[in-house]
Amino acid sequence: MSVLEKPVAVRGRGLSGSPVAVRGRVLSLRIRPRPLAVTLLLTLLAAGSGALALTRDGLVPPAEVLGALFGAGSEQAAFVVLELRLPRVALGLVVGAALGAAGALFQQLSRNPLGSPDIVGFNSGAATGALLVLLHGDPAYVAAGAAGGGLATAVIVQLLARRGSFRGNRLILAGIAVGSLLASVNAYLLTRAALDHAQSAQLWLIGSLGSAETHQVLPALLGLGALLLAALPVVRRLDLLEMGDEAAGGLGVDAGRTRVLVLLIAVGLSAVAVSAAGPIVFVALCAPQLARRLSRGTGTGLLPAAAMGALLLSASDLVAISLPTAGPLPVGVVTGALGGVYLAWLLGRGRRR
């Protein structure tokens, strides 16, 4: 065991993905260098991608961008950077991190690499709840509608897959079935909406950061931070369930309660992402797997997955705004294309094996 891996007694909560042994009110934290280094590197790359987005077209030179960020630039530069570009970049980082973390929790909960919220229908349910609020209610309650829709979908999927206890192919099949049904419901809602509402809602359903505003960033950031803090002490218990419910129960882990808590946190993370940018696809599926390959870690890998999600969505949005298209391209189009390429690569790799 290296010096960095030596157990250190700390008062508080451990990092996700690090073995944590509970001793009364003191936690023994073992820091693994590689996952920590991967998390920091991915965070820096995500920040770099966001910085490129702020200076992407040369309209505002990098020096003026820095000046605007620190309150020393011209009024024009401050407006472009702080009002038009920074909210989109910041929201993309927050939404990507929420999707990556939600995907890591869902995949560990279901013990299936396809167990991401967009595959098993939770994003569709959150989109249905948010769409109902967008079309027939107060847009200020979109987050509540997304959380309610995602939670209701989670309950329905669990009832259909109750023998699977959130594990295995049964959960995936039930989620795909419910997600397909909810996609039809969403399409029906669009056909019954006014034309202007339907057009904006259709763009939102694809997944877009184009309408990001400053007032959206802080609530999304606070929601992400609170849910990640709530997930950290639960993740260790979730990882112990790999040994089986009986073995984990012998270590004091309540399997049923742990799964419910993880599900609620994962649905909350999905709701944060969906309410802010719509049901963006494939980030929650790809981010945990890519982060796990880089960190070579076991278990949930919550923080590396969140950092990878932020990088994937930030880079995808940079591609979306840089392509020479007739109009702004929603980021969901880019993530869908990248996700398709990733799945094709996985299939080819499995076939070669």
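The first residue in the sequence is number 1, and the count goes up from there. Quick caveat, the model's predicted, so the values are computed rather than measured.
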Distance from [X] atom [atom1] to [Y] atom [atom2], nearest 0.5 Å?
X: Ser270; Y: Leu151; atom1: OG; atom2: CG; result: 11.5 Å
X: Leu131; Y: Gln202; atom1: CG; atom2: CD; result: 9.5 Å
X: Asp317; Y: Leu209; atom1: CG; atom2: CG; result: 4.5 Å
X: Leu182; Y: Thr128; atom1: CG; atom2: OG1; result: 4.5 Å
X: Leu240; Y: Arg237; atom1: CG; atom2: CZ; result: 9.5 Å

Checklist outcome for this item: side chain to side chain contact (heavy atoms under 4.5 Å, CB included) test vs Leu99 passes for just one of Ile280, Val94, Val281, namely Ile280
Checklist entry - Is the count of non-hydrogen atoms from other residues, nucleotides or ligands lying under 6.0 Å from Arg34 atom CZ greater than 12? => result yes
Checklist entry - Above 12 or not: heavy atoms from other molecules or residues under 6.0 Å from OH of Tyr141? => result no
Within a strict 4.5 Å, meaning less than it, do heavy atoms of the [X] and [Y] side chains meet?
X: Gln289; Y: Pro113; value: yes
X: Phe282; Y: Leu338; value: no
X: Leu312; Y: Cys286; value: yes
X: Leu329; Y: Val319; value: no
X: Leu36; Y: Pro33; value: no
X: Leu173; Y: Leu160; value: no
X: Arg259; Y: Leu263; value: no

Next on the checklist: Using the rule given for side chain to side chain contact (heavy atoms under 4.5 Å, CB included), can you reason through Leu227 versus Val272, listing the C-alpha separation, both sets of side-chain angles and the distance that settles it, and then say yes or no?
Outcome noted: CA-CA 10 Å; Leu227 290 167; Val272 168; 4.0 Å; yes
Looking only at heavy atoms, what is the nearest atom pair of [X] and [Y], with distance?
X: Ala102; Y: Ala266; result: CB-O, 3.9 Å
X: Ala90; Y: Val217; result: CB-CG1, 3.9 Å
X: Gly100; Y: Ala287; result: CA-CB, 4.0 Å
X: Val334; Y: Ala320; result: CG2-CB, 3.7 Å
X: Leu42; Y: Pro304; result: CD1-O, 3.7 Å
X: Val283; Y: Gly96; result: CG1-O, 4.3 Å

Next on the checklist: Apply side chain to side chain contact (heavy atoms under 4.5 Å, CB included) to residues Leu294 and Leu290 and explain how you reach the verdict.
Outcome noted: CA-CA 6 Å; Leu294 289 176; Leu290 293 175; 5.7 Å; no
If only atom types and distance count, is the side chain of [X] paired as donor or acceptor with the main-chain N or O of [Y] below 3.5 Å?
X: Glu83; Y: Val80; answer: no
X: Gln107; Y: Pro288; answer: no
X: Ser314; Y: Leu311; answer: no
X: Ser49; Y: Leu45; answer: no
X: Arg85; Y: Leu54; answer: yes
X: Asn123; Y: Pro279; answer: no

Item to check | Worked verdict on Leu132 versus Leu189 for side chain to side chain contact (heavy atoms under 4.5 Å, CB included) | outcome: CA-CA 8 Å; Leu132 287 171; Leu189 291 175; 3.7 Å; yes
Are [Y] and [X] connected in a single hydrophobic cluster, I mean Ile/Leu/Val/Met/Phe/Trp/Tyr linked by side-chain heavy atoms less than 4.5 Å apart?
X: Val185; Y: Val133; result: yes
X: Leu205; Y: Val333; result: no
X: Leu313; Y: Ile321; result: no
X: Leu232; Y: Val267; result: yes
X: Leu44; Y: Val65; result: no

Next on the checklist: Is the distance between the ring centroids of Phe106 and Phe122 under 6.0 Å?
Outcome noted: yes
Next on the checklist: One pair to check against side chain to side chain contact (heavy atoms under 4.5 Å, CB included): Leu105 and Val235. What are the steps and the verdict?
Outcome noted: CA-CA 8 Å; Leu105 291 175; Val235 163; 4.0 Å; yes
